[in-house]
*Asks:* 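This is the structure I have questions about; it appears just below.
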Amino acid sequence: MPKSQDPRLIVERSDGALTVTLAAAERRNAVDEPLLRALGDLIAGAGERVADGERVIVLRGAGGAFSSGVDLGAAEELAQPANAGRTIDAANDLVRGILEAPVPVVSVVAGPCAGVGVPIALAADVVLATSAAYFQLAFTRVGLMPDGGATALIAASVGRTAAMRMALLAERIGAPEAAVHGLVSRVVDAGDLESALDGIVGTFRSGPAAAIAQTKAAVNAATLVELSAAFARERAGQVGLLTAHDFAEGALAFREKRAPAFTDLPG
Ligand SMILES: CC(C)(COP(=O)(O)OP(=O)(O)OC[C@H]1O[C@@H](n2cnc3c(N)ncnc32)[C@H](O)[C@@H]1OP(=O)(O)O)[C@@H](O)C(=O)NCCC(=O)NCCSC(=O)/C=C1/CC=CC=CO1
């Protein structure tokens with residue numbers, strides 16, 4: 001049984017499936033660098049565990065939400081120049097790890113999925129949503145830009161116009177619309193979630209592991225040709241934004257539950 005060093009991750013193994021649950025429900029499963037790293041380490045271990053029979057990884061969130069993205073309670077620390085790149089790197093490494101894992105990854109989204117939670121969920125090979133799920137690239141609401149490869153992952157699924165709507169307007173995209181745009185693989189009623197998940201896990205458990213691994217790698221290579229460049233562009237832009245006024249104001253305004261007053265100019 002793989003162990004997580006972070007108590008905010010619940011790790012369960014059952015008959016070839018590793019299930020990892022983000023368990024910080026009081027903040028809608030907000031993440032920070034240590035949590036991103038702990039999750040990334042678990043995903044990275046899949047290459048060794050496949051020989052022991054692991055055939056699929058399931059990512060889900062406790063308490064209804066998948067994740068609300070990076071923890072805005074620590075905005076002041078994130079904005080320190082020495083720290084600014086570290087959380088971005090941890091998120092990028094995690095997303096890359098999900099995409100490169102030799103076993104399929106299934107994300108289960110049954111409520112809010114926001115900020116960097118979106119590229120983490122969408123990096124999975126199957127995104128199973130309930131009708132209560134929604135996706136929100138909330139970054140610009142707090143003076144940031146999408147990261148975690150979101151600019152490439154979203155555009156690969158939804159096209160430029162819808163990507164701009166999600167990234168610039170930070171609109172919530174509910175599960176039915178997410179299905180129309182190809183953001184999710186399947187939408188089910190909450191009551192049917194576990195049986196739908198069992199079906200998907202069962203398909204991977206009894207499927208041809210080598211063929212599945214090759215297929216996943218080939219589809220990702222063909223559809224995410226811009227990913228590495230996107231990681232680099234997002235990192236360069238985000239580091240500057242994290243240390244600027246608008247992020248400090250955006251994060252404070254979120255915590256104070258008021259509208260932000262942004263003042264930074266481009267360039
Ligand atoms: C849309 C929401 C995710 C969910 O809305 P809702 O269900 O109505 O829940 P709330 O009432 O808003 O939240 C419940 C409590 O959780 C706290 N909380 C929620 N999200 C966060 C968070 N990300 N960080 C800290 N705390 C959070 C919220 O304050 C409530 O607490 P109280 O009960 O004490 O009031 C909605 O919650 C939402 O929009 N959340 C924020 C989304 C967001 O902006 N995420 C961060 C984007 S930035 C990012 O993900 C990535 C980076 C990149 C690298 C470095 C640095 C920063 O960001």
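We're numbering straight along the sequence, starting at 1.
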*Asks:* My understanding is that only residues two or more places apart in sequence, or in another chain, count here; which of them pass salt bridge (charged side-chain N to carboxylate O under 4.0 Å, His left out) with Asp52?
*Replies:* none
*Asks:* Name the atoms and distances for all side-chain donor-acceptor pairs under 3.5 Å in residues 81-102, with sequence neighbours left out.
*Replies:*
from, atom 1, to, atom 2, distance (Å)
Asn83, ND2, Glu77, O, 2.9
Arg86, NE, Glu33, OE1, 3.2
Arg86, NH2, Glu33, OE1, 3.2
Asp89, OD1, Arg235, NE, 2.6
Asp89, OD2, Arg235, NH2, 3.0
Asn92, OD1, Gly148, N, 3.3
Asp93, OD2, Arg37, NH1, 2.8
Asp93, OD2, Arg37, NH2, 3.3

*Asks:* Where is the tightest heavy-atom contact between Pro260 and Gly250, given as atom of each residue plus distance?
*Replies:* CB-CA, 4.2 Å
*Asks:* side-chain contact (heavy atoms from CB on, under 4.5 Å) with Ala244: which residues, sequence neighbours excluded?
*Replies:* Asp264
*Asks:* Under 3.5 Å, is there a donor-acceptor pair between the side chain of Asn29 and the main chain of Ala65?
*Replies:* yes
*Asks:* For Asp189, what residues pass the side-chain contact (heavy atoms from CB on, under 4.5 Å) criterion, not counting sequence neighbours?
*Replies:* Ser131, Asp192
*Asks:* My understanding is that only residues two or more places apart in sequence, or in another chain, count here; which of them pass side-chain contact (heavy atoms from CB on, under 4.5 Å) with Ala156?
*Replies:* Leu224
*Asks:* Applying salt bridge (charged side-chain N to carboxylate O under 4.0 Å, His left out), name anything that partners Arg172, two or more places apart in sequence or on another chain.
*Replies:* none
*Asks:* Taking Thr243 for the side chain and Ala79 for the main chain, is one N or O donor matched with an acceptor at less than 3.5 Å?
*Replies:* no
*Asks:* Filter on side-chain hydrogen bond (donor to acceptor under 3.5 Å, both in side chains), then keep only pairs touching residues 107-116, sequence neighbours left out; what's left?
*Replies:* none
*Asks:* Suppose we screen for side-chain contact (heavy atoms from CB on, under 4.5 Å). Which residues come up paired with Pro176, at least two apart in sequence or across chains?
*Replies:* none
*Asks:* Under the salt bridge (charged side-chain N to carboxylate O under 4.0 Å, His left out) test, which residues partner Arg258, sequence neighbours left out?
*Replies:* Glu249, Glu256
*Asks:* Between Gln136 and Cys113, is there a donor-acceptor pair closer than 3.5 Å when you use the side chain of the first and the backbone of the second?
*Replies:* no
*Asks:* With sequence neighbours excluded, tell me which residues meet salt bridge (charged side-chain N to carboxylate O under 4.0 Å, His left out) with Asp41.
*Replies:* none
*Asks:* Tell me whether Glu234 contacts the main-chain N or O of Ala150 through its side chain, where contact means a donor paired with an acceptor under 3.5 Å.
*Replies:* yes
*Asks:* Give a yes or no answer on whether the side chain of Arg27 reaches the backbone of Ser68 with a donor-acceptor pair at less than 3.5 Å.
*Replies:* no
*Asks:* Mind listing the side-chain donor-acceptor pairs of residues 120-130 below 3.5 Å, one per line with the distance, residues two or more places apart or on another chain?
*Replies:*
from, atom 1, to, atom 2, distance (Å)
Asp125, OD2, Val105, N, 2.8
Asp125, OD2, Lys216, NZ, 2.9
Thr130, OG1, Ala132, N, 3.2

*Asks:* Scan the side chains in residues 14-22 for donor-acceptor partners under 3.5 Å anywhere in the protein, sequence neighbours excluded, and list what turns up.
*Replies:*
none

